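Before any comments, here is the structure.
Computed from a predicted structure; not experimentally measured. Lettering of chains follows the sequences in order, A, B, ..., and the numbering in each one begins at 1.
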2 protein chains.
Amino acid sequence: MTPQRIAIVEYVANSLHHPTAEDICIHVNERFPMTSRATVYNTLHLLRDYGLLQEINEAGVIRFDPNIRDHHHFICTGCGSVRDIPQELVNIVFSTEATDFQADDIEVVVRGRCVVCKSLGNVFVATS
Amino acid sequence: MTPQRIAIVEYVANSLHHPTAEDICIHVNERFPMTSRATVYNTLHLLRDYGLLQEINEAGVIRFDPNIRDHHHFICTGCGSVRDIPQELVNIVFSTEATDFQADDIEVVVRGRCVVCKSLGNVFVATS
DNA sequence: TTGATTGCAAACGGTTTGCATGGGA
DNA sequence: TCCCATGCAAACCGTTTGCAATCAA
């Protein structure tokens with residue numbers, strides 16, 4: 001456990017908005033300048049391999065989610081933010097009779113507008 | 001409508017496995033050598049803009065799906081293939097009372113092993 | 001002649017890798 | 001001493017863009 005790793009873990013663990021690797025790089029560098037991308041990615045992949053966080057790939061960009069319980073995701077089409085939806089709120093009935101594959105995991109992604117973007121009338125804003 | 005465009009449309013329309021842009025490039029070049037990536041992407045984006053196909057982004061790679069009806073996807077963790085799941089097979093009950101966002105679209109991704117990988121015992125094969 | 005389509009090559013952005021350095025056990 | 005985390009830079013891969021050549025109307 002090095003200072004850089006602690007900073008990465010703390011930042012991801014305390015974030016509610018599923019930061020991208022780039023977000024994490026920027027914030028860790030505010031506390032520990034000169035922290036390289038390699039270190040950030042290396043640490044995040046270790047955490048993932050140990051099952052301490054989830055990777056979610058949204059539109060080609062990997063985001064990191066400290067919530068490892070079964071849950072689903074809401075993605076705002078206004079501001080690009082990603083939030084968790086507790087498993088309990090989503091009830092899926094999936095008829096497996098007509099299928100020949102073995103289902104190991106079901107992921108639900110809900111897209112729409114968050115309360116802020118809804119009130120602001122944001123319809124689409126590039127996530128740059 | 002140029003020969004290249006017709007080849008692209010035919011290939012995507014007749015494919016059941018949701019080809020990537022690279023897959024499409026390779027197949028179109030078998031019929032029309034020298035077809036450039038720019039042409040393939042350009043045509044695919046046109047088709048998408050006209051609503052004639054869907055883009056699905058799986059693990060950072062864009063795949064193209066000629067099925068534009070509402071449906072969901074199964075992704076095989078053995079061979080990486082992607083298949084459609086008809087809307088009718090998936091029944092989602094989503095309680096919106098506890099949420100403050102506006103849900104516009106729900107996407108379900110089922111991961112598991114297809115019938116072939118199940119019988120071959122494939123657990124994970126890199127999709128290269 | 002005009003506009004759209006094409007091929008090429010370079011740029012782009014996020015991610016991964018190779019390698020030398022340096023600190024801790 | 002050995003191992004492993006680190007920083008840097010380059011490579012990588014899929015995608016996008018700029019531009020000149022070409023084709024059809």
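In summary, A:Glu88 and A:Arg69 do not engage in a salt bridge, as defined by a charged side-chain N under 4.0 Å from a carboxylate O. A salt bridge does not link B:Asp100 to A:Arg113: none of the charged nitrogens lies less than 4.0 Å from a carboxylate oxygen. Taking the charged nitrogens against the carboxylate oxygens, B:Arg111 and B:Glu58 do have a contact shorter than 4.0 Å, which makes a salt bridge. In summary, B:Glu22 and B:Arg63 do not engage in a salt bridge, as defined by a charged side-chain N under 4.0 Å from a carboxylate O.
The side chain of B:Ser36 contributes no N or O atom lying less than 4.0 Å from OP1 or OP2 of C:dC8. Considering only side-chain N and O atoms, A:Thr39 lies nowhere under 4.0 angstrom from the phosphate OP1 or OP2 of D:dA5.
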If the sugar-phosphate is the primed atoms plus P, OP1 and OP2 and the base is the rest, what is the B/S/- string for nucleotides 13-19 of chain D, using protein heavy atoms under 4.0 Å? -SBBB--
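When rounded to the nearest whole Å, the span between CZ of B:Phe32 and C1' of C:dT5 equals 14 Å. In this structure, A:Ile8 atom CD1 and D:dA5 atom P are separated by 12 Å, rounded to whole Å. The CZ atom of B:Arg5 sits 11 Å away from the P atom of C:dA4 (whole-angstrom rounding). Going from atom CE of A:Met1 over to atom C1' of D:dC4 covers 13 Å, rounded to whole Å. A straight line from CD of B:Gln4 to C1' of C:dC8 spans 14 Å, rounded to a whole angstrom. Following rounding to the nearest Å, A:Met34 (CE) and D:dA5 (C1') show an atom-to-atom distance of 17 Å.
By the 6.0 Å contact criterion, CG on B:Leu16 is open, its count of non-hydrogen atoms from other residues, nucleotides or ligands being 12 or less.
From one end of the helix from C:dT1-D:dA25 to C:dA25-D:dT1 to the other, with five pairs defining each end axis, the axis direction shifts by 10° (rounded to 10°).
Judged as a side-chain hydrogen bond (donor to acceptor under 3.5 Å, both in side chains), and not counting sequence neighbours, A:Asp105 has no contacts. Here B:His27 pairs with B:Tyr11, B:Glu30 under the side chain to side chain contact (heavy atoms under 4.5 Å, CB included) rule; sequence neighbours left out. Under the side-chain hydrogen bond (donor to acceptor under 3.5 Å, both in side chains) criterion, B:Asp23 pairs with B:Thr20, sequence neighbours left out.
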In residues 49-56 of chain B, what donor-acceptor pairs under 3.5 Å come from side-chain atoms, sequence neighbours left out?
from    : atom 1 : to      : atom 2 : distance (Å)
B:Glu55 : OE2    : B:Arg48 : NH1    : 2.7

